[in-house]
Amino acid sequence: MKHLLSILSILFCLIVQTAGAETVVAAKVSDDSIQIDAVLDDWKLRLFVDENKILLNPKTASAIGGTVKDADDCSVTIYAAYDSDYLYLAVEATDDITYAGQGGATIWENDGMEIWIDGGNNAGEFPGEEDNYQLVTDSNGAKQGYRNGHNLDELVDGVENASERDGTNYKLEVKIPLQHIRQLDLANGIGFNITIVDADAARDAGGWSRLFWQGDLDVDTASWGDLLFGEPLAVEAHDKLAATWGYLKLF
Ligand SMILES: [Ca+2]
Ligand SMILES: [Ca+2]
Ligand SMILES: [Ca+2]
């Protein structure tokens, strides 16, 4: 019986780990230290720990809308950071086929990222509550904001985003004014979700697919996770050594 309980508890832990965290903690960075150019060397990504990022692939996804067969088909790492004025997200995406032929109001059908924000972190209706909105940043570097049944310029004015392709893979970088997030309380965090679109070339044949970080229905705010506003990134050991060496050389 004791052995059975041990095995069951191990299995439970494995299931919890497989399901992935429901919280991502944005790292505090210096104001204006991140430039939106789809080049991520300004992020110091090596300092990001597991809680600062979302690993999204067919195994970690809460749900798959459509078909994403394996990590080569679509898998992404999403990094979160913030400063006094902006929330930043960076995406490194692996994709086997790029589809990004849509323009105008249908850019959400392109390979790219959909960001779901519940500013008051109180769930609520979507569409309905004014603090709930969706921001699309596609792999062309286009953007779109949606709230209460409307695409709104006010949701994308002031948002900067960039995309860079490397073959069929791509990188995204985006910054969102914190002022856009209604009912924001940094101490409370925001309700948050990410869906990654994997359109591929089979879009017209029903191949439009998505990986869900949380839940399985994009507008179900109650199923979203949390984004918390955390501490600055830890300084890496060799950065400390370099600083110490500089100090020694001074004296
Ligand atoms: Ca950059
Ligand atoms: Ca794909
Ligand atoms: Ca809300």
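Indexing begins at 1, ligand by ligand and atom by atom, following the structure's order. The chain is numbered in sequence order, starting from 1.
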> If you leave out waters, which protein N, O or S atoms are less than 3.0 Å from the Ca ion (ligand 2)?
Replying inline: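 Under 3.0 Å from the Ca ion (ligand 2) - ignoring waters, which are not counted - the protein N, O or S atoms are Asp73 O, Asp73 OD1, Asp95 OD1, Asp96 OD1, Asp198 OD1, Asp198 OD2, Asp200 OD1, Asp200 OD2.
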>> Main chain of Gln183, side chain of Asp131: is a donor-acceptor contact present, judged purely on distance under 3.5 Å?
In response: no
Only N/O/S atoms count here: what is the atom of [X] closest to the Ca ion (ligand 3) called?
X	answer
Glu129	OE1
Asp118	OD1
Asp131	OD2

Lys/Arg N to Asp/Glu carboxylate O, [X] vs [Y], below 4.0 Å:
X	Y	result
Glu164	Lys171	no
Lys143	Glu160	no
Asp32	Lys175	no

> Can you tell me if an N/O/S atom from Asn132 lies under 3.0 Å from the Ca ion (ligand 3)?
Replying inline: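 Yes, since at least one N, O or S atom of Asn132 sits under 3.0 Å from the Ca ion (ligand 3).
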> Is there an N/O/S atom in Gln183 at a distance below 3.0 Å from the Ca ion (ligand 3)?
Replying inline: no
> Glu125 and Asn132: which non-hydrogen atoms are nearest, and at how many Å?
Replying inline: O-ND2, 2.8 Å
> Between Trp116 and Trp224, how do the two ring planes meet: parallel, tilted or perpendicular, split at 30° and 60°?
Replying inline: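 If you compare the ring of Trp116 with that of Trp224, the planes turn out tilted.
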>> Which residues end up grouped with Ile97 if you chain together Ile, Leu, Val, Met, Phe, Trp and Tyr wherever their side-chain heavy atoms are less than 4.5 Å apart?
In response: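 Reading the cluster by chain and number, Ile97 sits alone, since nothing else belongs.
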>> I'd like to know: is the Ca ion (ligand 1) within the 3.0 Å range of an N/O/S atom from Ala162, strictly under that distance?
In response: no
> Does any N, O or S atom in Asp41 come within less than 3.0 Å of the Ca ion (ligand 1)?
Replying inline: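 Of the N, O and S atoms in Asp41, none lies under 3.0 Å from the Ca ion (ligand 1), which means no.
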> In Asp37, which N, O or S atom comes closest to the Ca ion (ligand 1)?
Replying inline: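 Asp37's closest N, O or S atom to the Ca ion (ligand 1) is named OD1.
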> Is NZ or CZ of Lys28 both nearer than 6.0 Å to the six-membered ring centre of Tyr82 and within 45° of the ring axis?
Replying inline: yes
> Is the NZ or CZ atom of Lys53 both under 6.0 Å from the centre of the six-membered ring of Tyr79 and within 45° of that ring's axis?
Replying inline: no
>> Quick check for you: with the Ca ion (ligand 1) as the vertex, what angle do O of Val39 and OE1 of Glu173 span, to 10°?
In response: 90°
>> Under the side-chain hydrogen bond (donor to acceptor under 3.5 Å, both in side chains) test against Arg210, which residue among Asp218, Asp216, Asp198 passes?
In response: Asp218
> What's the OD1-the Ca ion (ligand 3)-O angle here (Asn122, Ala123), rounded to 10 degrees?
Replying inline: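 Value, to the nearest 10 degrees: 90°.
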> Side chains of Glu173 and Trp43: donor-acceptor distance under 3.5 Å anywhere?
Replying inline: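 Distance-only check passes for Glu173 and Trp43.
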